[in-house]
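Handing you a structure now.
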Amino acid sequence: MDNVRFRVAIVGCGIGGLALAATISQFTTEGKSQDGIIQVDLYESKSEVSVIGAGVGIWKRSWQVLQGLGFEEDLGKRGVKVPVDGESRGPIFRKSDQPTPGYDFHDHVMPYGPLGLHRPTLLEILQSKLSKDCTIHTSKALVNYTVHAGSNNATVTLHFADNTTAEADILIGADGVYSATRQTMFNGLSKETGNDEYARYARAEYSGTLAYRGPVPTDKFKEKYPGHMAANRPKAWCGKSQHVITHPVGPYIGVIVYKYCSDLSSSPTLTRYQNQTVVPSSRDEVLALCEGWEPELREVLGSIDSDPSKVSCWVIHTVNPLPFCVLGKVALIGDAAHAMQPHQGVGGGQAIEDAHLLGRLLAHPKAALATTSKPSTLPAILKLYEALRLPAAQKAARASYDNGLMYEFNYPGFIFGGESSGTSVTEPDASSRGPTPEELKLLGERIGESFAWLKEGDVEGDWRKAEVELEKL
């Protein structure tokens, strides 16, 4: 292809990978740029671009990115409501780990009206934004990569499970929490330096959280339990080391039971989750988790669809906070760089923000291969992305982790007693007593404060800061 500035390989066609390709397409096309095009090749391990997982929370900053890509018009055509500025109603938080009726302790008002976007819809629209300079290759599972040293324009070779290879000038790992790109980067460093500490960054770590998911058919539930509190408003049913989220969405009420369990080898029931990602579950198993919890919650759990294929347990893994996410001409974005707990619903948005900033940096005229008179700027541009995005994403990951502690009465200053139930592990309590209503009111206020940062949004301001640094290259 003529007029190619450089070649980018993106491993992974999830949210981050497609958003990156869409951003590059937006800012670098033959019709818009006199600097030439960026050839983008996306490599997807599956036979098609598909997705599993819950909806994606689109907050103010990530919505600004999607607006720039034309999502407002696309969602309008699909009849999807877009996010709005200003406060909106969130879930009602309730103490529920007791056999008698529980009580509400926080009516959550979110600082911004986020969009809960269906993942397949998000990927479909992102894919529609790719220019003709982007090519998707399916059934290409990355095994590892090698970097050819010895010249300023050294290339990266990707090695796939089907014994084929591909070359690029830079490699972006958007391949999720179990990233082969990250494993190659940090395992290689561990071997080269003899420092075993790098190996802990290569692997995904079990987070200590299990998430049981199942749907409740809305019409049947309302018929059996008319006027039930779970039918019309999201609820967070909180207890010691466990909480349940219920969210009415059209024909179903979505149910997720989050269970803290630090040691999966502690009982025969839990060992089947070791070294797994998603495991089939059942309504009875979910009910057993909340044995001894309030009747109103158990009515919801007892109404989960009886079809076992619709109930599953997700073994949530995260990534240890990385010391860096760029090495030479290889960079990590999204979950590959900072997979996090789901308790603020910001993981997908962080991948979108990564993709937006990196895509604009790569599309900038300053991004170039080496010439006879100038070295390549690509490694420095990747490090600029790292400096601007990795600390912000890791801060979001910490906030999400802290929220999980709050919902389960384990947050410093709000640690209350209680015993785990069902098949779960009894965790040591810092306090043997349960919380008082006054203490829970204070906890509710802290939960509300924890979401305040999500109303802020100025991705263009971030870009202006990046431009200042670009001019120094």
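Counting from 1, the numbers follow the sequence of the chain as shown.
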Considering residues, nucleotides and ligands other than Glu73, do more than 12 of their heavy atoms fall under 6.0 Å from its CD? no

What verdict does the side chain to side chain contact (heavy atoms under 4.5 Å, CB included) test give for Lys329 and Val147, after you've listed the backbone C-alpha separation in whole Å, the side-chain angles of each residue and the deciding distance to 0.1 Å? CA-CA 8 Å; Lys329 291 190 172 184; Val147 179; 5.7 Å; no

Roughly how far, to the nearest 0.5 Å, is the OH atom of Tyr258 from the CD1 atom of Ile316?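 If we round to the nearest 0.5 Å, Ile316:CD1 and Tyr258:OH are 5.5 Å apart.
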
Are Cys313 and Gln276 packed together at the side-chain level, in the sense that at least one heavy-atom pair is separated by less than 4.5 angstrom?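 The answer is no, as the side chains (C-beta and beyond) never meet within the 4.5 Å cut-off.
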
Indicate the atoms forming the closest heavy-atom contact of Gly348 with Val56, along with that distance. CA-CG1, 4.0 Å

Report the C-alpha distance between Trp314 and Thr277 in whole Å, list the side-chain angles of each, state the deciding distance to 0.1 Å, and finish with yes or no for side chain to side chain contact (heavy atoms under 4.5 Å, CB included). CA-CA 6 Å; Trp314 294 57; Thr277 55; over 6 Å; no

When rounded to the nearest 0.5 angstrom, what is the spacing between CG in Leu126 and CD1 in Ile352?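 The distance works out to 7.0 Å.
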
Could you give all pairs that pass the salt bridge (charged side-chain N to carboxylate O under 4.0 Å, His left out) test and reach residues 307-321, with sequence neighbours left out?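 Passing the test, one end in residues 307-321: Asp305-Lys310.
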
Can Arg78 and Glu124 be counted as an ion pair, charged N to O under 4.0 angstrom?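 A salt bridge links Arg78 with Glu124.
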
Can you see whether Ser25 engages Asp133 through a side-chain donor-acceptor pair at a distance of less than 3.5 angstrom?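 Not at all, the side chains of Ser25 and Asp133 share no donor-acceptor pair under 3.5 Å.
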
How would you list, by chain and number, every residue that makes a side chain to side chain contact (heavy atoms under 4.5 Å, CB included) with Thr184, sequence neighbours excluded? Asn144, Tyr145

Candidate pair Ser282 and Asp284, rule side-chain hydrogen bond (donor to acceptor under 3.5 Å, both in side chains), full reasoning: CA-CA 5 Å; Ser282 67; Asp284 289 344; 5.4 Å; no

Side chains of Arg5 and Gln39: closer than 4.5 Å at any heavy-atom pair?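 No; the side chains remain at least 4.5 Å from each other.
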
List in chain and number order the residues that pass ring-ring contact (aromatic ring centres under 6.0 Å, His included) with Phe71, two or more places apart in sequence or in another chain; answer none if no residue qualifies. none

Under the rule for side chain to side chain contact (heavy atoms under 4.5 Å, CB included), what residues qualify as partners of Ala387, not counting sequence neighbours?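 Listed in chain order: nothing, the list is empty.
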
Let me see the working for Asp402 and Ser450 under side-chain hydrogen bond (donor to acceptor under 3.5 Å, both in side chains), right down to the final yes or no. CA-CA 9 Å; Asp402 286 348; Ser450 72; over 6 Å; no

Is there side-chain contact between Thr377 and Leu470, with at least one heavy-atom pair below 4.5 Å?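 Of all side-chain heavy-atom pairs linking Leu470 with Thr377, none is under 4.5 Å.
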
Asn275 atom CG: more than 12 heavy-atom contacts under 6.0 Å: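 Not buried by this count: 12 neighbours or fewer within 6.0 Å.
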
Are Asp74 and Lys129 packed together at the side-chain level, in the sense that at least one heavy-atom pair is separated by less than 4.5 angstrom?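 Yes; the side chains approach each other to less than 4.5 Å.
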
All N/O donor-acceptor pairs, side-chain side in residues 13-22, below 3.5 Å, sequence neighbours left out:
none

Please determine, by modelled atom types, if Thr246 and Trp237 share a side-chain donor-acceptor pair under 3.5 angstrom. yes

Sidechain-backbone polar pair: Asp169 side chain, Thr155 backbone, donor-acceptor under 3.5 Å: no

We want to know whether Arg360 and Gln26 form a side-chain donor-acceptor pair, criterion being a heavy-atom distance below 3.5 angstrom. no

Contacts of type side chain to side chain contact (heavy atoms under 4.5 Å, CB included), residue Phe324, not counting sequence neighbours: Met185, Phe186, Leu189, Tyr198, Lys383, Glu386

Output the distance between atom CZ (Arg182) and atom OH (Tyr201), rounded to the nearest 0.5 Å. 12.0 Å

Listed partners of His317 passing ring-ring contact (aromatic ring centres under 6.0 Å, His included), at least two apart: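 Counting only residues at least two positions away or on another chain, His317 forms a ring-ring contact (aromatic ring centres under 6.0 Å, His included) with Tyr178.
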
His338 and Asp354: side-chain donor and acceptor closer than 3.5 Å? yes

Backbone of Lys259 reached by a side-chain donor or acceptor of Thr209 within 3.5 Å: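 Pair absent, no side-chain N/O of Thr209 close to backbone of Lys259.
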
So, taking the atom named CG in Leu210 and the one named OH in Tyr260, what distance separates them when rounded to the nearest 0.5 Å?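 Reported value, rounded in 0.5 Å steps: 11.0 Å.
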
Atom CG in Leu66, atom CG in Leu117: separation rounded to 0.5 Å?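 If I round to the nearest 0.5 Å, the distance is 7.5 Å.
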
Run the numbers on Glu408 and Gln242 for side-chain hydrogen bond (donor to acceptor under 3.5 Å, both in side chains), then give the verdict. CA-CA 5 Å; Glu408 298 180 356; Gln242 183 170 302; over 6 Å; no

Counting N and O atoms only, with roles assigned by atom type, does the side chain of Gln394 sit under 3.5 Å from a partner on the main chain of Pro321, one being a donor and the other an acceptor? no

Write down the atom of Trp453, the atom of Ala396, and the distance for their closest heavy-atom approach.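 For Trp453 and Ala396, the tightest heavy-atom pair comes out as CH2-CB, 3.7 Å.
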
Measuring from Leu123:CG to Arg119:CZ, what's the distance to the nearest 0.5 Å? 8.0 Å

Does the side chain of Ile304 reach to within under 4.5 Å of the side chain of Val255, using non-hydrogen atoms?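 Yes, at least one pair of side-chain atoms sits under 4.5 Å.
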
Judged by atom type as modelled, is there a donor-acceptor pair below 3.5 Å linking the side chain of Ser400 to the main-chain atoms of Ala397?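 Pair absent, no side-chain N/O of Ser400 close to backbone of Ala397.
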
Checking side chain to side chain contact (heavy atoms under 4.5 Å, CB included) for the pair Val315/Leu264: CA distance, chi angles, key distance, verdict? CA-CA 10 Å; Val315 185; Leu264 294 178; 4.3 Å; yes

Give a yes/no verdict on a cation-pi contact between Lys140 and Phe160, requiring under 6.0 Å between NZ or CZ and the six-membered ring centre and an angle within 45° of the axis.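 Relative to the ring axis of Phe160, which defines the angle, Lys140 lies inside both limits.
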
List the residues meeting side chain to side chain contact (heavy atoms under 4.5 Å, CB included) with Thr271, not counting sequence neighbours, and say none if there are none. Gln274

By ring-ring contact (aromatic ring centres under 6.0 Å, His included) - contacts of His137 (at least two apart):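 Here the qualifying residues are Tyr43.
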
Just so I know, are the side chains of His343 and Tyr401 near enough to count as touching, which here means a heavy-atom distance under 4.5 Å?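 Contact flag for His343/Tyr401 side chains = no.
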
Phe27 ring center near His364 ring center (under 6.0 Å):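 Between Phe27 and His364, the centre distance exceeds or equals 6.0 Å.
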
Find out whether Leu142 and Thr181 are in side-chain contact, i.e. whether some heavy atom of one side chain is under 4.5 Å from a heavy atom of the other. yes

Output all residues satisfying ring-ring contact (aromatic ring centres under 6.0 Å, His included) with Tyr252, sequence neighbours left out; order by chain, then residue number.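 Not a single residue meets the ring-ring contact (aromatic ring centres under 6.0 Å, His included) criterion with Tyr252.
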
Arg203/Glu205 ion pair, N-O < 4.0 Å: yes

Determine yes or no for a side-chain-to-main-chain donor-acceptor pair under 3.5 angstrom, with Thr218 supplying the side chain and Pro251 the backbone.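 At least one qualifying donor-acceptor pair exists.
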
Checking Glu285 against Arg272 for the salt bridge (charged side-chain N to carboxylate O under 4.0 Å, His left out) test, could you report, in this order, the C-alpha distance in whole Å, the side-chain angles of both residues, the deciding distance, and whether it holds? CA-CA 13 Å; Glu285 184 175 10; Arg272 69 190 183 101; 2.7 Å; yes

Suppose the criterion is salt bridge (charged side-chain N to carboxylate O under 4.0 Å, His left out): which pairs have a residue in residues 340-350, not counting sequence neighbours? none

Which residue pairs pass the salt bridge (charged side-chain N to carboxylate O under 4.0 Å, His left out) test with at least one member in residues 55-67, sequence neighbours excluded?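 Residue pairs passing salt bridge (charged side-chain N to carboxylate O under 4.0 Å, His left out), neighbours aside: Lys60-Asp85, Arg61-Glu353, Arg61-Asp462.
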
Is any side-chain heavy atom of Cys134 closer than 4.5 Å to a side-chain heavy atom of Leu42? yes

